[in-house]
There are 2 protein chains.
Amino acid sequence: MKYIEKLRNSGLRPTKQRLKICEVLFDTEKTFHFTINDLSNKIKKQLNNKISLATIYNTVHAFEKKGYLKQIPINSNQTYFDTNVSDHHHFYDLNEQKLIDLENSDVGPIKILKKIEGKKIKSVEVLVKLED
Amino acid sequence: MKYIEKLRNSGLRPTKQRLKICEVLFDTEKTFHFTINDLSNKIKKQLNNKISLATIYNTVHAFEKKGYLKQIPINSNQTYFDTNVSDHHHFYDLNEQKLIDLENSDVGPIKILKKIEGKKIKSVEVLVKLED
DNA sequence: CACTTTTTTTAGAATCATTATAAAGTAGAA
DNA sequence: TTCTACTTTATAATGATTCTAAAAAAAGTG
Ligand SMILES: [Mn+2]
Ligand SMILES: [Mn+2]
Ligand SMILES: [Zn+2]
Ligand SMILES: [Zn+2]
């Protein structure tokens, strides 16, 4: 199975549940954005059986810590995650409440002119809100 | 009282509670970032008496809708608001969990090269995460 | 293989920010 | 003052996330 290595490298044992989560998250043509609830439903439909929410939360957070997933900063009652961990930005369609990727090349280079003593920049994320 | 007009213009009656909230939010030298809980505590300390959470939520949301406050998109369990409603961006210090303003002039101009049919850009917000 | 130890999964409970409810209070109009 | 609509409030409900502790699975040992 192709995700055993990925899990082992992250210090996670390749359990049945984690492998299924990997498959749903990473065995896709395109990357995508999701909430925990989205992910849980997708798994339930594919397995005709569920993986407990606690396991999904734990695994997603482990992947996030390892850099296999990113959280997207957005104002929502649910947390949005992204399987696209490359350096990129987002449109947020306020009417449809949907996230759309903006590749780094879709946004001109961003210059941050202010410096904070003793701190370094970890990431620069742009959120472009859209309306009709 | 200087906020009566502001409230009336927004279709909000100038009640004792709303005037106090205005005073805490807008009668300051500098703009600031806050959560509902921050605001509630500040009021409690100043009045030696509280304004109910429901009223604070309702009023803050009314001000947000009128454009007197902005929400800041950030991953936190609490919603962050900003009394600075000008077009600007933020540093987020991951260690201190603190927001710092980045004036528009602190960030070079941002070019969004991708267009979405039938949608127009409402805002462009940059979040720069900082670490030690 | 047994048997023990460690890790993982799970259902359900707890937490906590936010929203809803509905009764009591208040502002503004007449 | 009186009437009515709006507002505040305490409290309950909601819902995402986190915690807990017991059962299940995996790993280690000889
Ligand atoms: Mn998290
Ligand atoms: Mn809101
Ligand atoms: Zn994305
Ligand atoms: Zn700000």
Side-chain angles (χ1 to χ4, degrees), chain A residues 1 3-25 33-44 47-66 69 71-81 97, chain B residues 1 3-25 33-44 46-66 69-81 97:
Chain A
M1 188 26 144
Y3 297 113
I4 292 180
E5 272 317 297
K6 187 165 190 172
L7 286 164
R8 283 247 163 74
N9 287 338
S10 312
L12 295 174
R13 288 183 183 171
T15 62
K16 189 157 45 54
Q17 290 84 351
R18 286 173 181 158
L19 286 167
K20 181 62 193 175
I21 293 171
C22 279
E23 184 193 320
V24 173
L25 291 179
H33 306 119
F34 67 94
T35 63
I36 293 288
N37 193 53
D38 293 339
L39 179 54
S40 173
N41 289 336
K42 200 175 283 193
I43 289 168
K44 215 175 296 174
L47 287 184
N48 270 104
N49 190 221
K50 71 167 192 168
I51 293 177
S52 82
L53 271 183
T55 297
I56 296 177
Y57 272 101
N58 289 340
T59 306
V60 164
H61 283 137
F63 286 157
E64 185 200 0
K65 183 140 62 164
K66 293 299 173 186
L69 292 173
Q71 261 189 248
I72 303 174
I74 200 175
N75 285 123
S76 167
N77 50 329
Q78 281 148 279
T79 300
Y80 275 80
F81 293 91
Q97 292 191 215
Chain B
M1 188 30 143
Y3 297 112
I4 292 180
E5 274 316 297
K6 186 167 192 172
L7 286 164
R8 282 246 163 74
N9 287 338
S10 312
L12 295 174
R13 285 185 184 172
T15 62
K16 192 157 42 57
Q17 290 85 350
R18 286 173 180 158
L19 287 167
K20 180 61 193 176
I21 293 171
C22 279
E23 184 193 320
V24 172
L25 291 179
H33 306 120
F34 67 94
T35 64
I36 293 290
N37 192 54
D38 293 338
L39 179 54
S40 173
N41 289 335
K42 201 176 283 194
I43 290 168
K44 214 175 296 173
Q46 288 189 19
L47 288 183
N48 270 105
N49 190 220
K50 71 165 190 170
I51 294 177
S52 82
L53 270 183
T55 297
I56 295 177
Y57 273 101
N58 289 340
T59 305
V60 165
H61 284 136
F63 286 158
E64 185 200 359
K65 182 138 63 162
K66 294 298 174 186
L69 292 174
K70 280 202 317 190
Q71 259 188 250
I72 303 174
I74 199 174
N75 286 124
S76 167
N77 51 329
Q78 282 147 277
T79 301
Y80 275 80
F81 294 90
Q97 293 192 214

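Just so we're on the same page: letters track the sequence lines, and every chain starts at 1.
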Value rounded to 0.5 Å, distance of [atom1] in [X] from [atom2] in [Y]:
X     : Y     : atom1 : atom2 : value
B:R8  : B:E5  : CZ    : CD    : 7.0 Å
A:N48 : A:I43 : CG    : CD1   : 13.0 Å
A:Y80 : A:N75 : OH    : CG    : 12.0 Å
B:L25 : B:K42 : CG    : NZ    : 8.0 Å
A:I56 : A:K20 : CD1   : NZ    : 11.5 Å
A:T59 : A:I51 : OG1   : CD1   : 7.5 Å

Reading 5' to 3' through nucleotides 9-17 of chain D, protein heavy-atom contacts under 4.0 Å coded B for base, S for sugar-phosphate only, - for none: BB-----SB
May I have the distance from [X] (atom [atom1]) to [N] (atom [atom2]), rounded to whole angstrom?
X     : N      : atom1 : atom2 : value
B:D38 : C:dT18 : CG    : P     : 11 Å
A:K44 : C:dT10 : NZ    : P     : 12 Å
B:R18 : D:dT7  : CZ    : C1'   : 6 Å
A:I56 : C:dA11 : CD1   : C1'   : 14 Å
A:N49 : C:dT9  : CG    : P     : 14 Å
B:K20 : C:dT26 : NZ    : P     : 19 Å

Might you list the N or O atoms of the protein lying below 3.5 Å from N or O atoms in nucleotides 28-30 of chain C, with each pair's distance?
from, atom 1, to, atom 2, distance (Å)
C:dG28, OP1, B:R8, NH2, 2.7

Residues A:S40 and A:N37: side-chain donor-acceptor under 3.5 angstrom: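 No, no side-chain donor-acceptor pair sits under 3.5 Å.
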Just do the side chain to side chain contact (heavy atoms under 4.5 Å, CB included) check on B:F34 and B:N41 with the steps written out, would you? CA-CA 11 Å; B:F34 67 94; B:N41 289 335; over 6 Å; no
